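Encoded as C-alpha cells, the structure appears first; notes follow it.
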Number of protein chains: 2
Amino acid sequence: MNKEALFSIPLPTIRRFPAYLRLLKDFENAGESWVSATRLAEDLRLKPIQVRKDMSCTGVEGKPKVGFEVHELIMAIEHHLGWDNATDAILIGAGNLGNALVGYKGFANYGLRIVAILDNDKKKIGTTVYGVTVQSMEHLEETVVRLGVNIAVLTVPAEVAQEVAEMVVAAGIKGIWNFVPKNLTLPEDIIVQRTDLATSFAELSSRIKKSIEEKSRTKRSLQN
Amino acid sequence: MNKEALFSIPLPTIRRFPAYLRLLKDFENAGESWVSATRLAEDLRLKPIQVRKDMSCTGVEGKPKVGFEVHELIMAIEHHLGWDNATDAILIGAGNLGNALVGYKGFANYGLRIVAILDNDKKKIGTTVYGVTVQSMEHLEETVVRLGVNIAVLTVPAEVAQEVAEMVVAAGIKGIWNFVPKNLTLPEDIIVQRTDLATSFAELSSRIKKSIEEKSRTKRSLQN
DNA sequence: TGATTATCAATAAATATTTATCGTTTACTG
DNA sequence: CAGTAAACGATAAATATTTATTGATAATCA
C-alpha cells in the first residue's frame, strides 16, 4: 500500500498548497533547487513549523541545513492535488464572471482547462469567449459525453442554479465548482465546491471593523 | 462596555456569516419572521448545534420552539460585519477579473460599492465599465482623498502587484482586497485580504482525487 | 390545563489544527 | 577535521473548533 492513502491531509494544509506551489515555481524559475521551510514561511508569512508540517504531508523529506528539493516538492504537491494531469471542465453561464473565468490564465497553472461553454441565452450562443464557442444548453449531455468531462463550473444566475445543477448531474458530471451564492441540493456522491466572494469579503470587513474599533479604543484610553 | 468587544468571533463563524445572511434574507422576503437553527442548518447542510453556536456569537437570543427572529439576526450579522453602512472602494486593474467584479451585482448585498476604477493602460483609460469611468493611475492619490476611500480591490497582473500595492498604501488606503495570486509585503497596520481561486480549486481537486481513489479501491476489493 | 415536543442555552467532551520542544543531521567555517 | 549553526523530524503541548449532553422554556394540542 502506498503511503498517501494512509492518512488524509488536513483541509487547511490543502488550501495552503496552491500558495506553496506558486512560490516553489518562482524559486524553480529563479534557478534555485533547494529551499528551506524557513524561507517559504518568510515569504508566505507563515511559521516555519507549520510549513514543515505541511511539507511532511506531501511525503517529501527534507535535508537538515538546506531544506527541501524544490522540484520534488512541486511534483509532490501537484500530484496530491491531481494537478499533474490536466483536468477538463465545462462552464455553464457565459455571464460576467463566467467570461472572466474563461479568460483567467491562472487556471493553466492548476491544470484546469475550460473545454466548452454553455448558456441558454440565444444572444450568447455562437459567440466566442477567448477562443471557446458558447453552445446551447441543449448540447449539454452530448458535450459532456463527447469530451469525457467530469467537472462543471457553474456561473449562472442564482434563480436557475439548482435546476441547472440537476441538469449537469443528469448529463454525467461528477464535480461542480459552484460560483453561485446558493446551496445546491444534489445526490450525495456529487462533489460540490462552493466559491463565494462574500466569504472572503466578510473576513476583510470584520478585520477592518476590528481595527477601527481598536483604534477608537486606544484613542479613548489616551484621552483618559 | 458593550458585549461585542468582550470576545472575538471565530474566523470560521465569520466566514459562514454571509451564507446565513443570504438565507435569512430569503426567509425575510418570503415573509417568514422566525426561523430555527434546525431549519438554517438543513438548508446550509450544517449541524443545528453549529448554527446555534454561530448565532450566539451575534448576541441575538432565540426562543425555544420557534427559533430566532429573522430580521434581528440579519441586523446583527450585518452589524458585526460592518455591512450596515455601505463601504466604498476603488478598484485597480480593469482587466478581465476587475471588470467582472465591477459588474458583479452581488456586492451590493455586502454594502460594497466600487466608486472608482484605475488602470495605467492608455487604451482602457476613459472607457466606462458598468457606469464607472476608468481613470489613470496618476489620479490615484487625488481620488482616494477626494472620495474618502479606505479600501482598494487589487486585480492587476502579478508582476506589478507589489508596486501597485505600495502606491495605494502611499495614497492612504488602509485595507486591500487582493485578487492577485501573490503575497504582498506591506506595513503591519495595512489589512490585506487575499482571495485566491486556486485555494478553492485545490479543495475541489483533492476531493475529486480522493473520491476516485476510493472508487478504485472499492472496485479492487470487490474483485478479490 | 397538563402533556408533549421542538427548540434553545450552557456546559462538557471530542476532534482538528497550530505551535513548541528537543534531539539529530548536515553543510559550512576556521 | 572538529566546532558551529541552520534546519529537519518526531513527539508533546496548547489552542481552536466542532459536536454532544443535559436541563430549561415556550408553543401546540388533546
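Chain letters run A, B, ... following the sequence lines, proteins first, then strands; residues in each count from 1. From a predicted model like this one, the values you see are computed outputs, not experimental measurements.
A:Arg16 comes within 4.0 angstrom of sugar-phosphate atoms only, judged by non-hydrogen atoms across all strands, and of no base. Looking at heavy-atom distances under 4.0 Å, B:Thr38 makes contact with sugar-phosphate atoms alone, never a base.
Between B:Gln50 atom CD and D:dT18 atom P the separation is 5 Å, expressed in whole Å. In this structure, CZ of A:Phe68 is placed 17 Å from P of C:dT25, rounded to the nearest angstrom. The CD atom of B:Glu61 sits 17 Å away from the P atom of D:dA24 (whole-angstrom rounding).
The side chain of A:Lys53 contributes no N or O atom lying less than 4.0 Å from OP1 or OP2 of C:dT18. Phosphate contact (OP1/OP2 of D:dT18, side-chain N/O of B:Arg52, threshold under 4.0 Å): absent. Note on A:Ser56: every side-chain N or O is 4.0 Å or more away from OP1 and OP2 of D:dG9. Under 4.0 angstrom from either OP1 or OP2 of C:dC8 there lies no side-chain N or O belonging to B:Lys65.
Ring to ring, B:Trp177 and B:Phe107 are close: their centroids are under 6.0 angstrom apart. Taking the six-membered ring for Trp, B:Phe27 and B:Trp34 have ring centres at least 6.0 Å apart.
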Pair A:Met55-A:Phe68, side chain to side chain contact (heavy atoms under 4.5 Å, CB included): steps then yes or no = CA-CA 9 Å; A:Met55 292 308 130; A:Phe68 300 84; 3.8 Å; yes

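Mapping A:Pro64 and B:Val66 onto DNA chain C by nearest heavy atom places B:Val66 closer to the 5' end of the strand.
Annotation for A:Glu61: atom CD does not count as buried by contact number, only 12 or fewer foreign heavy atoms lying within 6.0 Å.
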